[in-house]
Amino acid sequence: MKKFLTTSLSILALGAVSTAASAEGSITAVSWGGAYTKSQVKAYHEPFTAKTGIKINSVDYSGGVAEVKAQVEAGNVSWDIVDVELSDAVRGCDEGIFEKIDHSTLPAGADGKPAQEDFLPGTLHECAVANIVWSTIYAYDDTKIGDKKPTTMADFFDTKTWAGKRGLRKGPKPNLEFALIADGIAAKDVYAELAKPEAIDRAFAKLATIKGDVVWWEAGAQPPQLLADGEVLMTTAYNGRIFNAVAAESKPFVIVWDGQVWDIDLWAIPKGAPNKDKAMEFLKFSTETEQLANQAKYIAYGPARLSSAPLVGKYEDGKIDMGPQMPTAPNNLTNAVQNDFEWWADNQDALNERFNAWLAQ
Amino acid sequence: MTDVTASGVPGAITTSDGVPLKVSLARATRRQRMQALLLVMPLLLFLLVAFVLPIGEMLFRSIYSPIGPNVLPNFSKVIHEWDGEDLPPEAVFEVFVKDMTKAKESNEIGKTIGNLATRVNYEIPGSRGLFTKSARKVKNITEGPYKEALIALDKRWENQHIWRTLQRISSNYTASFYLAATDRKYNEDNEIVRADPLYQIYLPILGKTLWLSALITFICLLIAYPVSYLLATLPLRTSNLLMIMVLLPFWTSLLVRTTAWIAMLQTEGIVNNILVFTRVISEESRIQMIYNQTGTIVAMVHILLPFMILPLYSVMKTIPPYYMRAARSLGATGTYSFIKVYFPQTIPGIAAGTLLVFILAIGYYITPALVGGSDGLLISNLIADHIKKTLNWSLGSALGAILLAIVLIFYWIYNKLVGVDNLKFG
C-alpha cells in the first residue's frame, strides 16, 4: 500500500512538473530561415528560453505579409511574432493586421538612453521594432573574375570588361536603384531622381543592356549558390548571405559595397496572436542592446541600436572582426542609400507589372 | 372506355390494388435511390466543400470589393449625386473629411485607410501616399471650408481623377479587376482604355500560356503515339518492361523530376558537359537550356507524357491486329491502311490524351516557377504572385476566373468536335 502511494504521488508530482513547464509555454517565431534564423536562435531564442523558460518554435517563411493576412482574416492566427521587412511592416500596419507597439515600453539602451533615442532613426515603427540593418550589395568570385577587379556599381553592368552572367533579384526592387546608380546617379539622389517618370524608363533601359546575361534569383539562399556553381560571374545578394559563405564555408567571394541599398528587418506581432504577451516580452528582450550586439557575432547584419555598435566584436570563430562587415560601417557607406519604403509602397504594384511585362518580352 | 383509374387518367395501367403502376414503381425504386444517394453523399459533400465553394468564393471575390463603402460609409452614399464635372460640392468634401478622420481611428481589417489607399492605388498607381499622408493630418480640419482645407493639405486633392475614382469604387461591386486582368483600365475621363503597352502583361502571358500548352500537347502526342503503339503491340514481356519505364517517372514526385531536369540542363550540367567533352560546342558557348522557355517546355513535356501515353495505350490495346492485316490483304499499302484503318480507331485515345494534357498544362504552376526563368512564366505564376506576394486577391481571382472560363470553352469546343462520349481514358 505504501509503495502504491509513493508511486501515485510521484506520478502526480510528475504531472505537476509537466503542467508547470507548459505554463511557461511557448511562442512561435517566424523568420527567413538559413544562416539568418540560426543567428537569431543563438542570440535571441536560446538566452530567452534560458531566462524565462518559454520555448520558441522557429518557423521559416519567405517574406511578405500574405500568410499573416490570411491567418488574421481567417481568425486563426498561429504565429506570435514575425520578422518582416520595413515595407511589409508599414503595409501590414496600414491594413490593420499587426498589433500597435508602444515604444515607451521598450527597454532603454545599455548606456541609459531611452529606446526612442537609442534606435537608429527610422527603425521604430508604430507596429514594429527593428532588430537588424541589412543590405543588398553585389559580390563576385575572386578566383574567376580575372586580374581586374570590379569596384563600382557601373562595373556590374559592364559586360564588356567582365564578360559573363549576372545574378539579379527577380523584381524591380532594388534593381531600378542599382541601374540608376550604375548610370551615374549618386546613391543619395536616387529616389529624388526616381520621382521623375523618365527616370524609370532610364532605369529599365540600363537593365536592358544586360538583360540577356541575367540569371534571376528569388530566395536569399540562391545567389551564393549561383556564384559557387559558376552559374554567374557576379550577383546581387544580401550581404549576410555572402559573408556567411565566406566565413563559414571559406568561399573566395568579395563584396562590392559601392551603391549598396540598405534596409531594416523588424519584429511585428500579428493581430490576434495566441501568445501576444509572451511575444511582446520576447520582442523587448531580443531588441535589447546586448542581444542585438550578440547577433552580429553570427551574421554580418548591423544592430538597429546605436548602443549596440561599440559592443560588436568578432565572428563566432573568434578571428574575423565584425565591425567592418556591417552595412553601416563608415567605409561601406560612401555611396549608399536607404531603401525608401514610401516610394515603393506607392509604386510597387505598377512597377511589378511593368517589370513582369519587360521580363516576358 | 369510361373506366376511370385512381389517378384519373383514362386507360393507365394500374396494379391489382388500383394504384397506378408508375406510382407504385416509383415507390419501389425510391428506397434504392436513397441508398445510392447516401453512398455518393461523402463525395458530393467533399466536392461541395473543397471545390464548388472555393471556386464560388473566387468568382465572387473577383467582382466584390467593399473597401470603398467600408472605409468611407457616408461618403459612399453622397458621392453618387455628384455629376462628375469639376470637383464634388463642398458638402461632399465635408463628409469625406469626417469619414477619413473616423477611418484613421479604425484598426479593423478591411476598414482602415491603408485598405482604401491600396485599393485606390490599384486604379491610380502612385496615389497611395496621398491617402496615408493626408489621413495623418486630416483630423486637424475641424471646420469649413473643407474643400480649400483639404487642397491646402495636398495639391493632388484638386485632381478630378482622384474623385472620379473614389466615386467609382464607392460601390460594393466592380469590374475593374477584370479590366486589369485584360490589360485595360479607366482613364481620367472614366472611359475604358488599353493600358500603356509597357505595362501590358496579362493578355500576352495568357496568349503565351495557350500557345505553349498547345505546343506541349502536340509534342507529347508526337512522342506518345509511337510509344503507345509499341506498348500495345509488342509481346507481353517486352511491353511490360516498357510500361514500367513509362510508369516509374509517373510515380516519381513532380519536384524530383523537375529538379532532375535542372541538374541535366543547367549550363554546368550533364548535357552541356557531355557536349563540351565531345567537342560539339566549346567551353565558352555552353547552351542555356534551363531557366527559360525551352526549360519549361522540356520539363513539362516529360512530366505530362504519361497522361498522353496511358489513354492512347488503352485504346490501341483494344484494336484487333487483324483489321490491319485485312486491309493489307485487300491491297492497301502500309501507310494507306494506317491512315484509313488504324488511325481513325485511335482518335478517342488521342482526344482524351490531348484534352487531359492541354488542361493540365494550361494551369501548370510548379514547373514553370522552378525552371521558367524570365520568359518561361505562365499565367498561373502571375496568379500565384497576386495571391502570395502583392496580396491583390481580387485581381488573382479575376485571372483565375478567366482561366476557368477558357478551360470550359475549350471543353465545349472539344465536345462539339469529338464528342465527350467518345473520350476514352482507359
Side-chain angles (χ1 to χ4, degrees), chain A residues 62-70 72-73 75 88 90-100 163-165 168 170-171 195 197 200-201 204 211-218 226 229-232 271-272 342-361, chain B residues 106-118 121-122 124-133 135 180 183 195-202 204-205 208 266-269 284 288 290-293 369-370 372-377 381-382 384-393 395:
Chain A
S62 56
V65 284
E67 282 163 274
V68 183
K69 183 176 164 174
V72 176
E73 280 202 0
D88 286 334
V90 173
R91 198 156 164 193
C93 197
D94 280 350
E95 301 201 0
I97 59 175
F98 288 132
E99 296 280 357
K100 295 236 158 57
K165 296 272 179 198
L168 278 178
K170 195 186 203 169
I200 296 177
D201 295 338
F204 273 104
K211 190 180 176 190
D213 293 309
V214 172
V215 174
W216 301 97
W217 56 267
E218 285 178 90
L226 289 171
D229 290 348
E231 280 282 310
V232 296
K271 191 173 283 177
E342 281 196 355
W343 189 82
W344 277 109
D346 272 8
N347 294 291
Q348 68 186 0
D349 287 332
L351 285 176
N352 270 335
E353 276 175 9
R354 176 156 176 183
F355 182 82
N356 282 331
W358 175 80
L359 214 52
Q361 271 166 22
Chain B
S106 168
N107 204 7
E108 203 177 323
I109 297 151
K111 295 189 177 176
T112 66
I113 294 289
N115 296 126
L116 179 71
T118 308
N121 208 43
Y122 293 150
I124 314 172
S127 65
R128 193 172 200 282
L130 173 65
F131 286 85
T132 49
K133 277 179 205 150
D183 292 324
D196 182 330
L198 286 173
Y199 292 84
Q200 287 180 12
I201 170 90
Y202 304 110
I205 295 277
K208 188 155 110 189
Q266 61 191 353
T267 42
E268 301 288 325
E284 289 74 41
Q288 182 75 38
I290 201 103
Y291 306 124
N292 58 15
Q293 205 161 304
L370 286 175
S374 58
D375 62 351
L377 285 186
N381 302 109
L382 291 183
D385 247 22
H386 282 304
I387 302 297
K388 287 170 63 185
K389 286 195 195 143
T390 68
L391 295 189
N392 192 348
W393 290 355
L395 181 53

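Just so we're on the same page: letters track the sequence lines, and every chain starts at 1. Computed from heavy atoms alone, side chains included, the values below leave out hydrogens, waters and symmetry copies.
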Seminar exercise, completed: Okay, B/Gln293 and chain A: the region with an atom under 4.5 Å from a heavy atom over there is neither
Problem set entry | Partner chain B: residue of A/Trp343, A/Trp216, A/Trp217 with the largest heavy-atom pair count (under 4.5 Å) | A/Trp216
Exercise. Between B/Lys208 and chain A, which part of the residue has a heavy atom less than 4.5 Å away: side chain, backbone, both or neither?
Worked result: side chain
Exercise. Does any non-hydrogen side-chain atom of A/Leu351 lie less than 4.5 Å from one of A/Trp344?
Worked result: yes
Exercise. Just by distance, do the side chain of B/Asp183 and the backbone of B/Ile201 share a donor-acceptor pair under 3.5 Å?
Worked result: yes
Exercise. Heavy-atom distance under 4.5 Å to chain B: side chain of A/Asp229, backbone, both or neither?
Worked result: backbone
Seminar exercise, completed: Of the listed B/Leu198, B/Leu382, B/Thr267, B/Leu116, the one with the largest count of heavy-atom pairs under 4.5 Å with chain A is B/Leu198
For this session: Answer yes or no: is there a donor N or O on one side and an acceptor on the other, between the side chain of B/Trp393 and the main chain of B/Ile387, under 3.5 Å?
Result: yes
Problem set entry | Smallest separation among heavy atoms of B/Ala117 and B/Phe131, with atom names | CB-CB, 3.8 Å
Problem set entry | Contacting region of A/Gln348 [heavy-atom separation from chain B under 4.5 Å] | neither
Exercise. Which bit of A/Ala70 is near chain B, if near means a heavy-atom gap under 4.5 Å: side chain, backbone, both or neither?
Worked result: both
Seminar exercise, completed: When the 4.5 angstrom heavy-atom criterion is applied to B/Asn392 and chain A, the contacting part is neither
For this session: With a 4.5 angstrom heavy-atom cut-off, could you sort out which part of B/Ile205 is near chain A: side chain, backbone, both or neither?
Result: side chain
For this session: Against chain A, label B/Thr118 side chain, backbone, both or neither, depending on which of its atoms sit under 4.5 Å from a heavy atom there.
Result: side chain
Exercise. Does some side-chain heavy atom of B/Leu395 sit less than 4.5 Å from a side-chain heavy atom of B/Tyr122?
Worked result: no
For this session: Among A/Val65, A/Ile97, A/Asp88, A/Val215, single out the residue with the greatest number of heavy-atom pairs under 4.5 Å to chain B.
Result: A/Val65
Seminar exercise, completed: A/Lys211 meets the salt bridge (Lys or Arg N to Asp or Glu O under 4.0 Å) criterion, sequence neighbours left out, with none
Exercise. Taking atom NZ of A/Lys271 and atom NZ of A/Lys69, what is their separation to the nearest 0.5 Å?
Worked result: 13.0 Å
Problem set entry | Distance-only donor-acceptor check, side chains B/Asn115 and B/Thr112, under 3.5 Å | yes
Exercise. Got a sec, which pairs hit salt bridge (charged side-chain N to carboxylate O under 4.0 Å, His left out) with one end in residues 348-359 of chain A, sequence neighbours left out?
Worked result: A/Asp201-A/Arg354
Problem set entry | Heavy-atom proximity to chain B below 4.5 Å, by part of A/Val90 | neither
Exercise. For B/Gln200, is it the side chain, the backbone, both, or neither that has a heavy atom closer than 4.5 Å to a heavy atom of chain A?
Worked result: backbone
